[in-house]
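Side chains are part of it too, since the values below use all heavy atoms of this structure and drop only hydrogens, waters and symmetry mates. All ligand and atom numbering here is 1-based and tracks the order in the structure.
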Amino acid sequence: MNSSANRSWEEIRADFPILDQEVHGQPLIYFDNAATSQKPRAVIDALVHYYERDNANVHRGMHELSARATAAFEATRTRVARYINARSEEEIIFTRGTTEAVNLVAQTWGAQNLRQGDVILLTEMEHHSNLVPWQILAERTGAVLRFLPINDRHELDLDRLGEFLTPEVKLFAFVHISNSLGTINPAAELVKAARAVGAVTLVDAAQSAGHMPLDVQALGCDFLALSGHKMCAPTGIGALYGRREILEQMPPWHGGGEMIVSVRYEKSTWKQPPHRFEAGTPNIADTIAFGAAIDYLESIGRERIFAHDQALARYAHERLATIPNLRVLGPPLGSASRSGVVSFVMDNVHAHDLVTLADQRGLALRGGHHCTQPLMRKLGLTSSARASFYFYNTEAEIDRMVEILAEIERFFR
Ligand SMILES: Cc1ncc(COP(=O)(O)O)c(C=O)c1O
């Protein structure tokens, strides 16, 4: 791979073997990146290399292959720390993804710290994975859930933040970029307001981590969750960032090998974080390939990726506005709080029908509630269709999408 940040988007696109294929006799257009991204050759090669040369268990073997596997595995922790500007790799816990990271916080920090009547503040635009774990915790502890509302622009209603962020709020957990609306939330501002009332903060960075620069020290958050598979890494690997002071106070959640210092029949003692939270044999191969994905994204540059995402989203929004009976969700055209996620509804056409017809033409969209059922209900929708872009997508693909959608609209009219 040429690591120059000046490679053209066309050259970069050629790093993704999967994109070079036809689906139902048409060139594949992959616009389902918010669900999962595609993987560049460098990541696929890292997986193959690991299994062909280095496969061994980590942290325990006293032989060459185990030493190599351990070094590569731990090198990813260092890369993730650098990627989000954590102070140390000890603040990075590997998880299966964002969902597991949120559950970890709920079951450890949450179970330890929340009591009857404490408030967990979420927003109306959360993905189920930053909602259901808190519902389970609230049922167990007697804590109550509150939801910061959205406004007509499909942004968080910041005018009402003070009304919701009261001293009873012990945790404010919010999504950075909404996977349903595409809204980019002002994370630093939200964290600052939460800290002012003494609340702990968790940022769901599932949709932002692969798409824009992230700096946990500048954000000031206590926790941040991300999924590798949405940022060019394999499925089954992600991370939880936790501020060291808070991780040190947290009890373990899964018990087993790797997370202990000493074990007696009756009782055990725990390792320091992050290992305290990583019981059993981890997902070694995918973690190593996650490191390759981070190197790959950094070789392109996240500012450049973000600018490209936004340009594509703006272009798509402008073009979609020309289709009758189609309404784009999320902040208005031209708003700086729009990401590369563009959801829309077409009058009288169910999103599932629309997505099925698009698929027949080689276009991969997403249709449904996008794991945000309460938000859809609030918006009076049963479903929406979603095009979500990444750096390997092109304006020509958007032109083709618009052609396909216009044809579908005419068909149903
Ligand atoms: C905003 C948001 N949060 C959380 C998740 C859950 O991520 P994962 O399924 O990788 O755990 C997603 C996945 O779509 C998401 O879009």
Would you please indicate yes or no on a ring centroid separation below 6.0 angstrom for H211 and Y390? yes

For Y30, all residues meeting ring pair (Phe, Tyr, Trp, His ring centres under 6.0 Å), sequence neighbours excluded: none

Atom 16 (O) of ligand 1 sits nearest the protein heavy atom Q207 NE2, 2.7 Å

Of the protein's non-hydrogen atoms, which lies at the shortest distance from atom 4 (C) of ligand 1, and what is that distance? S129 OG, 3.0 Å

Side chain, backbone, both or neither: V175 near ligand 1, heavy atoms under 4.0 Å: side chain

Nitrogen or oxygen of E100 less than 3.5 angstrom from that of ligand 1: no

Applying ring pair (Phe, Tyr, Trp, His ring centres under 6.0 Å), which residue pairs with at least one partner in residues 140-175 are found, sequence neighbours left out? F172-F174

Using heavy-atom distances, let me know which of A205, S227, A225 sits nearest atom 8 (P) of ligand 1. S227

Taking 4.0 Å as the limit for heavy-atom contacts, which would you say applies to R96 with ligand 1: side chain only, backbone only, both, or neither? neither

Measure the distance from atom 14 (O) of ligand 1 to every protein heavy atom, then report the residue, atom name and distance (to 0.1 Å) of the closest one. K230 NZ, 2.6 Å

With heavy atoms and a 4.0 Å threshold, my read on which part of T98 contacts ligand 1 is both

What's the shortest distance from atom 9 (O) of ligand 1 to any protein heavy atom, and which residue and atom give it? T99 OG1, 3.6 Å

Donor on one side chain, acceptor on other, E91 and S88, under 3.5 Å: no

Is ligand 1 under 4.0 Å from a heavy atom in the side chain of H229, in the backbone, in both, or in neither? side chain

